[in-house]
Amino acid sequence: MSILVTGARGHVGRAVLDALVTAGQDVRAASRDATTLDVPDGVDAVSADLEDPSTLDVALDGVSGVFLYARPSGVEGFVKAAEAAGVRHVVLLSSGATLEPRSSQSRIAALHRAVEQALIAAPFAETLLNPGAFATNVLGWRADIAEGVVRTPYPDARIGAIHERDIADVAARILVDGSHGGEALPLSGPAPITFREQAEVLADVLGRPLRVEEETPEQTTARMTALGWPPEVPPEVLRAWERTTREPSAVTEVVREVTGNAPRTFRQWAEDHRADFA
């Protein structure tokens, strides 16, 4: 039986793919257009659109486990196709927003919760991965860093930025051993780190000075909207960042508990992604 990795072009999906290959698993990589995938030798690449159930039968044929990232508009069709294919376990990349006490008023949480609930109601086992801030969000600074600056509101917001490889290692371990069924796992990096501290680490790793320029929330909202973020999302993100200037993001031991390894530091992430800032 194979393990299907959806969203295999993404940072986390590709890291899950690599972790499963390293573990010696039979892996299948899926994206809307398989011709865009660059996969390791021995990995099948299939086209699968999670919002078009007619594309899922081939992708799920002979699959026992799935790493999933889905939107609400596609999850019901996926559940039906996965049940018909005999899938036994789905590991979902969700969001830490669904575990927040304030999540009932969050648009981001509502979208992820809809997918979570569809999987919880499904006949196969599910494991929900709920990471907080992704270290890869820093890739959004690349254009500014080329100018020698990091522009951000709330530079002293303290978030538990997590390396995508830690998320992937957790997902791969669970898909291999079938553990943690029915659980929601809050994932984080090893310690809260401010945006200002992230800029300092990047300056050291890249070997160039970077100044931090504090933007207004309005400026950041305009930049995020110009990048295609839905208009209701930037205010939620900004409120969360502002809150962590007073209450640091929680960090957990889940990565260590599941994988046996400490979560990677932000410096490790920066070193791993040095070429992305060239």
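In the hydrophobic cluster analysis, where Ile, Leu, Val, Met, Phe, Trp and Tyr join through side-chain heavy atoms closer than 4.5 angstrom, Val91 is grouped together with Val43. Put simply, Leu119 and Val63 are part of the same group of oily side chains (I, L, V, M, F, W, Y) that touch within less than 4.5 Å, one to the next. In the hydrophobic cluster analysis, where Ile, Leu, Val, Met, Phe, Trp and Tyr join through side-chain heavy atoms closer than 4.5 angstrom, Trp241 is grouped apart from Val212.
At least one side-chain heavy atom of Leu129 sits under 4.5 Å from a side-chain heavy atom of Ile167. A heavy-atom distance below 4.5 Å is found between the side chains of Glu200 and Glu197. Considering only heavy atoms from C-beta on, Val176 comes within 4.5 Å of Gln25 through its side chain. Counting heavy atoms from C-beta outward, Leu175 and Phe67 have side chains that approach closer than 4.5 Å. For the pair Ser179 and Ile174, the minimum side-chain heavy-atom distance is below 4.5 Å. Using a 4.5 Å heavy-atom cutoff, the side chains of Pro153 and Leu238 are in contact. At a threshold of 4.5 Å between non-hydrogen side-chain atoms, the residues Arg32 and Glu51 count as touching. Side-chain contact check for Arg71 versus Leu50: every heavy-atom pair is 4.5 Å or farther apart.
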Problem - Test side chain to side chain contact (heavy atoms under 4.5 Å, CB included) applied to Asn130 and Thr98, step by step - result: CA-CA 8 Å; Asn130 300 96; Thr98 66; 3.0 Å; yes
Handout entry: Residue pair Leu139, His11: steps toward the side chain to side chain contact (heavy atoms under 4.5 Å, CB included) verdict
Key = CA-CA 11 Å; Leu139 294 173; His11 291 289; 3.4 Å; yes
Exercise for the section: Report the C-alpha separation of Leu68 and Leu92 in whole Å, then their side-chain angles, then the decisive distance to 0.1 Å, and conclude whether the side chain to side chain contact (heavy atoms under 4.5 Å, CB included) test is met. Expected result: CA-CA 5 Å; Leu68 179 69; Leu92 173 72; 4.1 Å; yes
Exercise for the section: Run the numbers on Glu271 and Arg264 for salt bridge (Lys or Arg N to Asp or Glu O under 4.0 Å), then give the verdict. Expected result: CA-CA 11 Å; Glu271 291 171 348; Arg264 296 166 174 88; over 6 Å; no
Exercise for the section: Would you check, one step at a time, whether the test side chain to side chain contact (heavy atoms under 4.5 Å, CB included) holds for Leu128 with Ile120? Expected result: CA-CA 9 Å; Leu128 313 178; Ile120 290 169; 4.2 Å; yes
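Under a cut-off of 6.0 angstrom, the local environment of CZ in Arg196 is crowded, with over 12 non-hydrogen atoms contributed by other residues, nucleotides or ligands. Counted within 6.0 Å of CZ on Arg267, heavy atoms from surrounding residues, nucleotides or ligands total more than 12; the atom is thus considered enclosed.
Shortest non-hydrogen contact noted between Val16 and Val5 is CG1-CG2, 4.0 Å. The minimum heavy-atom distance between Ala19 and Ala168, with the atom names listed, is CB-O, 4.4 Å. Smallest separation of non-hydrogen atoms from Ala97 and Ala109: O-CB, 3.6 Å. Closest approach of Arg28 to Ala59, counting heavy atoms only: NH1-O, 2.7 Å. Between Ala133 and Ile159, the shortest heavy-atom contact is CB-CD1, 3.6 Å.
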Can I get a per-line list of side-chain donor-acceptor pairs under 3.5 Å for residues 225-235, giving both atom names and the distance, sequence neighbours left out?
residue, atom, partner, partner atom, Å
Thr225, OG1, Thr221, O, 2.8
Glu232, OE2, Arg107, NE, 3.4

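Looking at Thr194 and Asp156, their side chains never bring a donor and an acceptor atom within 3.5 Å of each other. A donor-acceptor contact under 3.5 angstrom links the side chains of Ser94 and Glu116, judged on distance only. In summary, the side chains of Ser31 and Asp33 do not present any donor paired with an acceptor at a separation below 3.5 Å, with no hydrogens or angles considered.
Using modelled atom types, no side-chain atom of Asn261 and backbone atom of Arg256 make a donor-acceptor pair closer than 3.5 Å. Checked by atom type and distance alone, the side chain of Thr6 pairs as donor or acceptor with a backbone atom of Tyr69 at under 3.5 Å. Between the side chain of Thr152 and the main chain of Pro155, no donor-acceptor pair closer than 3.5 Å is present. Here the side chain of Thr259 pairs no donor or acceptor atom with the backbone of Val170 at under 3.5 angstrom.
Classification of the Trp141-Phe195 ring pair by plane angle, with boundaries at 30° and 60°, yields perpendicular.
Salt bridge annotation for Arg14-Asp18: present, with a cationic side-chain nitrogen under 4.0 angstrom from a carboxylate oxygen.
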